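Here is the structure we will look at.
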2 protein chains.
Amino acid sequence: MHQTTMKRIAGELGVSITTVSKVLNNHADISDATRSRVLAKVEELGYQRNAVARSLTLRRTHTLGIVIPDLMHSFFVEIIAGIEPVASVRGYGLLLCSSSEDAGKERAELEMLRGRQVDGVVLASANASGNTDVLLQLTRQGTTLVMIDRDDHPSVKCHRVLTDDERVGVLATSHLADAGRRAIAHIGGPPIVHAKRREKGWRDALKARGIKPPDEWIVRGGFMESDGYRAMKRLLTVRPKVDAVFCANDPAAIGAMKAIWEAGLRVPDDVAVVGVGDIALGDLLRVPLTTVGWSRRDQGKHAAELLLNGLEGEGDPPQRVIIPPRLIVRESSGPHR
Amino acid sequence: MHQTTMKRIAGELGVSITTVSKVLNNHADISDATRSRVLAKVEELGYQRNAVARSLTLRRTHTLGIVIPDLMHSFFVEIIAGIEPVASVRGYGLLLCSSSEDAGKERAELEMLRGRQVDGVVLASANASGNTDVLLQLTRQGTTLVMIDRDDHPSVKCHRVLTDDERVGVLATSHLADAGRRAIAHIGGPPIVHAKRREKGWRDALKARGIKPPDEWIVRGGFMESDGYRAMKRLLTVRPKVDAVFCANDPAAIGAMKAIWEAGLRVPDDVAVVGVGDIALGDLLRVPLTTVGWSRRDQGKHAAELLLNGLEGEGDPPQRVIIPPRLIVRESSGPHR
DNA sequence: TGGCTTGACTTTACCGGTAAAGCATAGTAT
DNA sequence: ATACTATGCTTTACCGGTAAAGTCAAGCCA
């Protein structure tokens, strides 16, 4: 129950606490004799430096805060799996927070991390819309911040690890066009930059092929399955018929497929579907989903490296790292008819 | 870049630091006037108590260490998902460590947690065989410990959250017997209590049906897919033929199925297979796997509650919480022939 | 021989809080 | 008028470390 401290070691050895501290910090001005006596005692008592006390004086906790919206989503866990080894070898601990997709809880978690004096925070794609002020407070306090998959909060100067959303749209749309589809609709996301860029990619890919999408080919909504379902219902009434749809994310794509099946049509025979995100289980659906994904693990790895480089060396100016997206072809975008 | 401290607040208000501290800790001996002046200043400056400094004096970090063998295994994440909400509402942070199934790294992580003065540690089913000494050091230091899915290290006095391994064996075996199987073999795990208990359940269930398993019906090995594969190869040579196999865990069961297919036989037509653990994707296999599982989330929840109750109130004596296992029937144990 | 280094520590101050004890002032009891 | 008791603060010590400055004896140079 009683902690071993430097005081105890110093006492038993008849030296000062500072001497013990110096040995453990490899200072040069300690004789070999004393050094080994101290080291032996440390070994004997199984002494471990008290990280809390060190943090207080050094003003470094060697801890990173990780804020994710949901633990049960495989891609956030993959992000953490990308962060963990990098942090671990450099001696940093990870303080894990789940915001449960709730801006209020996210705010509370960020405040908590501020109080705990974490050296850095990785904020993974949460809906932090209201929490700009807390983020600013954090950075002002000297905490390095990295945002993953978010490109808003322009006032917050921090590193960002993103994918190339326009390219996401181009990849998906070109793939559908190459597969012989002509009427390629788009189920857009909510009004956030990422969704808008995916839409732009869709437009660009069509334009490159001389296709000018009529207004009815696009329905904007949200990122949920139900949004995709509703949007597809609308798209199915368009004449001439749409024969493919690029959805802003995977849940929306799943909703779209449901609407297609409900209308008695087949995927991909009547309508091809492509999503974005490569969520787990996407290949286990009734019709495995073609999607555009990117390595979450790389995102985590880059985020951790940006953070730690900033902490250890001189802080680079805020950087944007782009993780390239890639097309994952499954059955939902198979050949026409 | 500059931290706001109580000193600053006290200075601006012309009161002592202790007064500020007392306000924030709701001490009674502060006048309403002073109290609100302090509170107003706290609000104005966006002040947050420095948790590091508090931890040092209070000798409480309000942090739990979580050690899991692998982040990418869904059940460890589920355990964390069970812990997180409990810890979060009580104001505890989670320090996440992954041992990557490596006893050396696990040891290092535990040492790290000791240095960081975490109030409690949840140790999820890692192969900590060699690390008893660190665990003892931790508990001696006053850290509460909860082990999940491990019932060894008897010298370490701590709470344990387990499942009923004998019942696991009984459930699996009875299910196979009820499905009309007569020659129910067992692929046992490594020589650890959990595997032994599952084996005992298998024996008991057979005995209850008047079946006396010959020695060739059991092959013991490890928990890996390759172990299951090798074991099944052996079992397929047994005469009279075995028509079902209960495997000590899911990976072994998957290995067993591979061996069965390789021999030109079918699952479940020729040999029925049941595993243990309900790993993710178990239902996405070529033949979805019947298995015995239990709620990892409940395990996490119970672990967190045991820990925090011990920390907040008076420490209960080490407890054993048993999470009931349940059978999950899929196709690999379907009807004979 | 006195002054100057150098090596090997020790002393002191501080990190940002909290708890216990101390200390005026005013009000109450006697 | 004297002693007692709240009330509302402040002073002091401490948590377990680290860094900067100080000490002190031995060795060196001129």
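All values derive from a computational prediction rather than experimental measurement. Every chain is numbered from 1 and lettered A, B, ... according to where its sequence line falls, protein lines coming before strand lines.
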* Starting at atom CZ of B:Arg35, determine the distance to atom C1' of D:dC9, rounded to an integer number of angstrom. => 13 Å

* To do: Please report, rounded to the nearest Å, how far the C1' atom of C:dG16 is from the CG atom of B:Leu58.
  => 12 Å

* Quick one: are B:Ile9 and B:Val15 in side-chain contact, heavy atoms under 4.5 Å? -> no

* Asked: Considering only heavy atoms from C-beta outward, does the side chain of B:Thr143 approach that of B:Asp119 to under 4.5 Å?
  -> no

* To the nearest Å, give me how far apart CD1 (B:Ile30) and C1' (C:dA19) are. => 13 Å

* Structure fact -> Atom CG of B:Asn25 and atom P of C:dG16 are separated, to the nearest Å, by 17 Å

* Got B:Thr61 and B:Arg116 here, is their nearest side-chain heavy-atom distance under 4.5 Å? -> no

* To do: Would you kindly say whether A:Ser21 and A:Thr18 are connected by a side-chain donor-acceptor distance under 3.5 Å?
  => no

* Asked: Quantified as the angle between the terminal helix axes (five pairs each), what is the overall bend of the helix from C:dT1-D:dA30 to C:dT30-D:dA1 to 10 degrees?
  -> 60°

* Asked: When all nucleic acid strands are considered with a 4.0 Å heavy-atom cut-off, which category describes A:Val52: base, sugar-phosphate, or nothing?
  -> nothing

* Hey, are B:Glu312 and B:Tyr92 close enough side-chain-wise for a donor-acceptor pair under 3.5 Å? -> yes

* What nucleic acid atoms does B:Ser55 come within less than 4.0 Å of, heavy atoms only: base, sugar-phosphate, or nothing? -> nothing

* Hey, is the side chain of A:Arg59 poking within less than 4.0 Å of OP1 or OP2 on D:dT18, counting only N and O atoms? -> no

* Asked: What is the nucleic acid contact for B:Ser16, judged by heavy atoms within less than 4.0 Å: base, sugar-phosphate only, or nothing?
  -> base

* N or O in side chain of A:Arg8 less than 4.0 angstrom from D:dG16 OP1/OP2 -> no

* First encountered from the 5' end of DNA chain D, between B:Thr34 and A:Thr18 -> B:Thr34

* Asked: Once you round it to whole Å, what is the distance between C1' of D:dA19 and NE2 of A:His27?
  -> 8 Å

* Is any side-chain heavy atom of A:Arg320 less than 4.5 Å from a side-chain heavy atom of A:Asp151? -> yes

* Can you find a side chain N or O atom of A:Ser21 that sits less than 4.0 Å from OP1 or OP2 on D:dT18? -> yes

* Please give, in whole Å, the distance from D:dT12 P to B:Ile17 CD1? -> 13 Å

* Assign the ring pair A:Phe76 / A:His73 to parallel, tilted or perpendicular, where the plane angle (0 to 90°) is split at 30° and 60°. => parallel

* Which sits closer to the 5' end of DNA chain D, B:Thr19 or A:Asn50, going by the nucleotide each is nearest to? -> B:Thr19

* In whole angstroms, how far is the P atom of C:dG17 from the NE2 atom of B:His62? -> 15 Å

* Counting just side-chain N and O atoms, does A:Tyr47 come under 4.0 Å of either OP1 or OP2 of D:dG17? -> yes

* To do: Could you check B:Leu56 against B:Asp29 and say which one's nearest nucleotide on DNA chain C is further toward the 5' end?
  => B:Leu56

* What is the distance from NZ of A:Lys22 to C1' of D:dA21, rounded to the nearest Å? -> 10 Å

* Asked: Considering only side-chain heavy atoms of B:Ser31, which listed nucleotide, C:dT18, C:dC15, D:dG8, is closest?
  -> D:dG8

* For C:dG16, does either OP1 or OP2 sit under 4.0 Å from a side-chain N or O belonging to B:Arg54? -> no

* **Atom pair CG (B:Leu123) and CG (B:Asn131), whose distance is rounded to the nearest 0.5 Å** => 9.0 Å

